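As the structure is a prediction and not an experimental result, all values here were calculated from the model. Side chains included, hydrogens not; waters and symmetry mates left out as well; all remaining heavy atoms used. Just so you know, residue 1 is the first one in the sequence shown, and it goes up from there. Every number for a ligand or one of its atoms is a count from 1 in the order of the listing.
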Amino acid sequence: MPSVLIIYYTRTGNTEKMARHVEQGVKAAGGDAVVKSVSDATIDDLEAADGIIIGSPTYYGLPAAEIIQLINDSVKKHGRLEGKAGGAFSSSANIGGGNETVILAILQAMLVHGMVVQGIPKGDHYGPVSIGAPDERAERHCKLLGERVARLAERLAQ
Ligand SMILES: Cc1cc2nc3c(=O)[nH]c(=O)nc-3n(C[C@H](O)[C@H](O)[C@H](O)COP(=O)(O)O)c2cc1C
């Protein structure tokens, strides 16, 4: 059973709700899901997981500073996250408000770590986005991402 760590930052709860839907997807695929606020997550947690999914609100088209801080701290694990499965999601206020650029920023950092990132061919392509709190559509895409990263993590761990 692959372990998938879901890390999020939130101020008003929307991204946390997305994280809980991603968790359901990981579990539906038979994965062991751990959800942590970024303030509770350590770089050792990153190393321990088979898959890592990171969610952030969209702040001026960028991830929240707290998420960027974790990414910067993860340099201490450079080389040790290689081959893990990755994915990302974001909540924003507006359609076209920069949620995809937030996801891509997180996925870029994962690629620099040598991680294998997952998108959704029949869904939000780079990762789930939600306008405000997740509606049914966003919930479905969050679950899909969780399932897909859990399955990828299982294959990569073989
Ligand atoms: C400092 C700040 C910057 C923001 N920048 C954007 C933005 O560039 N585009 C956008 O669509 N929403 C922006 N928002 C809105 C948030 O992304 C949105 O409310 C999101 O759902 C908040 O997620 P949370 O409930 O997990 O905190 C911004 C909000 C704040 C506080």
### Test item: Ser56 side-chain N/O and Ala64 main-chain N/O as donor-acceptor pair under 3.5 Å
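Yes; at least one donor-acceptor contact below 3.5 Å.
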Taking all non-hydrogen atoms of both residues, which atom of [X] and which atom of [Y] are closest, and how far apart?
X: Ala19; Y: Val35; value: CB-CG1, 4.1 Å
X: Ser91; Y: Asn14; value: OG-CB, 3.4 Å
X: Gln118; Y: Val149; value: CB-CG2, 3.9 Å

### Query
Picking from Lys36, Lys77, Lys76, what satisfies salt bridge (charged side-chain N to carboxylate O under 4.0 Å, His left out) with Asp44?
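For Asp44, the salt bridge (charged side-chain N to carboxylate O under 4.0 Å, His left out) check succeeds only for Lys77.
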### Query
Is it the case that Glu16 and Tyr8 place a side-chain donor and acceptor less than 3.5 Å from each other?
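Judged by distance alone, the side chains do pair up.
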### Query
Around ligand 1, what residues show up once you keep those with a heavy atom under 4.0 Å from it?
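Correct list: Thr10, Arg11, Thr12, Gly13, Asn14, Thr15, Pro57, Thr58, Tyr59, Tyr60, Gly61, Ser91, Ser92, Ala93, Asn94, Gly97.
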